[in-house]
Amino acid sequence: MAGIVWCAGVLAVSTIPGMPPLPSVVGAPAFLLVMPSFAVVVFASVRLALRETGSRRRAHRALLRLLSERLPIWALLASILLFVGFWLVASQSLAGAASGVPKQLDGAYILNNDGHVIEISEDEYLRLQEQGQRTFVAMAGAFGVVAAVLSTAFVRPEERPETSATPRGPAPG
């Protein structure tokens with residue numbers, strides 16, 4: 001959850017008009033907070049589903065059933081919206097990105113694409129730096145949402161339907 005909040009905060013700050021790109025070290029915690037938990041949770045969920053069902057085709061259905069049984073619909077909808085939001089930010093950032101790596105070299109700003117170097121303006125350099133950072137952080141946020149949803153489904157107890165019997169004892173009579 002901390003990774004998701006970190007990613008959302010970094011993305012919010014990076015959209016402030018006139019704000020210079022955040023240092024590269026700001027994006028690293030997003031990756032470090034999210035990716036280990038994502039890897040562990042996805043691996044564990046796939047193994048559990050395969051163990052319960054015996055086949056990959058049925059394993060996906062078992063995971064979806066687990067999510068629908070253990071998480072309230074509002075939590076599933078909120079997580080889907082959050083995932084789509086992160087993914088849209090990443091997609092939008094990738095769509096506007098130039099092919100190549102922006103660098104600052106000897107006081108000049110360049111775009112290096114497999115040895116083909118193009119000189120760019122400082123504004124273009126800053127824009128490309130922001131887009132790269134936004135893409136990285138948004139993708140980490142999307143993976144964090146998946147990890148949070150799956151881990152919550154594993155931790156939450158299975159909801160049992162209410163029975164008509166009351167635990168208070170026999171009915172007065």
Side-chain angles (χ1 to χ4, degrees), residues 1-97 127-169:
M1 191 59 131
I4 297 169
V5 173
W6 182 265
C7 292
V10 169
L11 288 174
V13 169
S14 73
T15 59
I16 297 173
M19 181 85 165
L22 297 169
S24 299
V25 76
V26 173
F31 182 81
L32 294 174
L33 287 168
V34 168
M35 295 315 285
S37 61
F38 174 78
V40 167
V41 168
V42 168
F43 179 75
S45 64
V46 169
R47 288 218 10 123
L48 176 69
L50 281 174
R51 190 172 350 139
E52 287 183 4
T53 62
S55 79
R56 286 185 186 260
R57 181 174 295 163
R58 287 182 287 182
H60 297 298
R61 289 188 196 127
L63 281 175
L64 291 175
R65 189 173 55 252
L66 174 78
L67 292 174
S68 66
E69 289 173 355
R70 297 212 178 164
L71 295 176
I73 190 70
W74 65 265
L76 283 173
L77 290 175
S79 62
I80 289 169
L81 288 174
L82 190 57
F83 176 85
V84 168
F86 278 127
W87 204 255
L88 284 175
V89 169
S91 299
Q92 180 268 336
S93 295
L94 279 174
R127 186 183 68 77
L128 292 172
Q129 288 289 96
E130 287 174 357
Q131 283 180 333
Q133 184 179 57
R134 240 183 248 133
T135 302
F136 182 74
V137 171
M139 290 176 89
F143 289 131
V145 171
V146 171
V149 167
L150 288 175
S151 62
T152 302
F154 288 135
V155 173
R156 274 182 69 109
E158 188 173 344
E159 294 180 7
R160 303 224 185 323
E162 294 287 327
T163 60
S164 59
T166 60
R168 294 184 214 126

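Residue numbers start at 1 and run along the sequence shown. Keep in mind that what you see is a predicted model, and the values were worked out from it rather than measured.
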Under 3.5 Å, which donor-acceptor pairs do the side chains of residues 27-37 form with other protein atoms, sequence neighbours left out?
residue : atom : partner : partner atom : Å
S37     : OG   : V34     : O            : 2.8

Study note, to complete from the structure: dist L81:CG -> L88:CG (nearest 0.5 Å) comes out at 10.5 Å

Revision key, fill the gap. Residues M139 and A90: closest non-hydrogen pair is CG-CB, 3.7 Å

Review point. With sequence neighbours left out, what residues match F86 under ring-ring contact (aromatic ring centres under 6.0 Å, His included)?
Key: none

Output a table of donor-acceptor pairs, distance under 3.5 Å, between side-chain atoms of residues 39-47 and any protein atom two or more places apart or on a different chain; print 'none' if there are none.
residue : atom : partner : partner atom : Å
S45     : OG   : V41     : O            : 3.1
S45     : OG   : V42     : O            : 2.9

Review point. CZ of R65 to CD of E69: how many Å apart, nearest 0.5 Å?
Key: 6.0 Å

Check your understanding: Which heavy atom of S79 sits nearest a heavy atom of V145, and at what distance?
Key -> O-CG1, 3.4 Å

Revision key, fill the gap. When every non-hydrogen atom of V89 is compared with those of A138, the smallest separation belongs to CG1-CB, 3.9 Å

Point to revise | L128 vs Q131 side-chain heavy atoms within contact, under 4.5 Å | key: yes

Practice item. Step by step, work out the side-chain contact (heavy atoms from CB on, under 4.5 Å) result for L67 and L150. Key: CA-CA 7 Å; L67 292 174; L150 288 175; 4.1 Å; yes

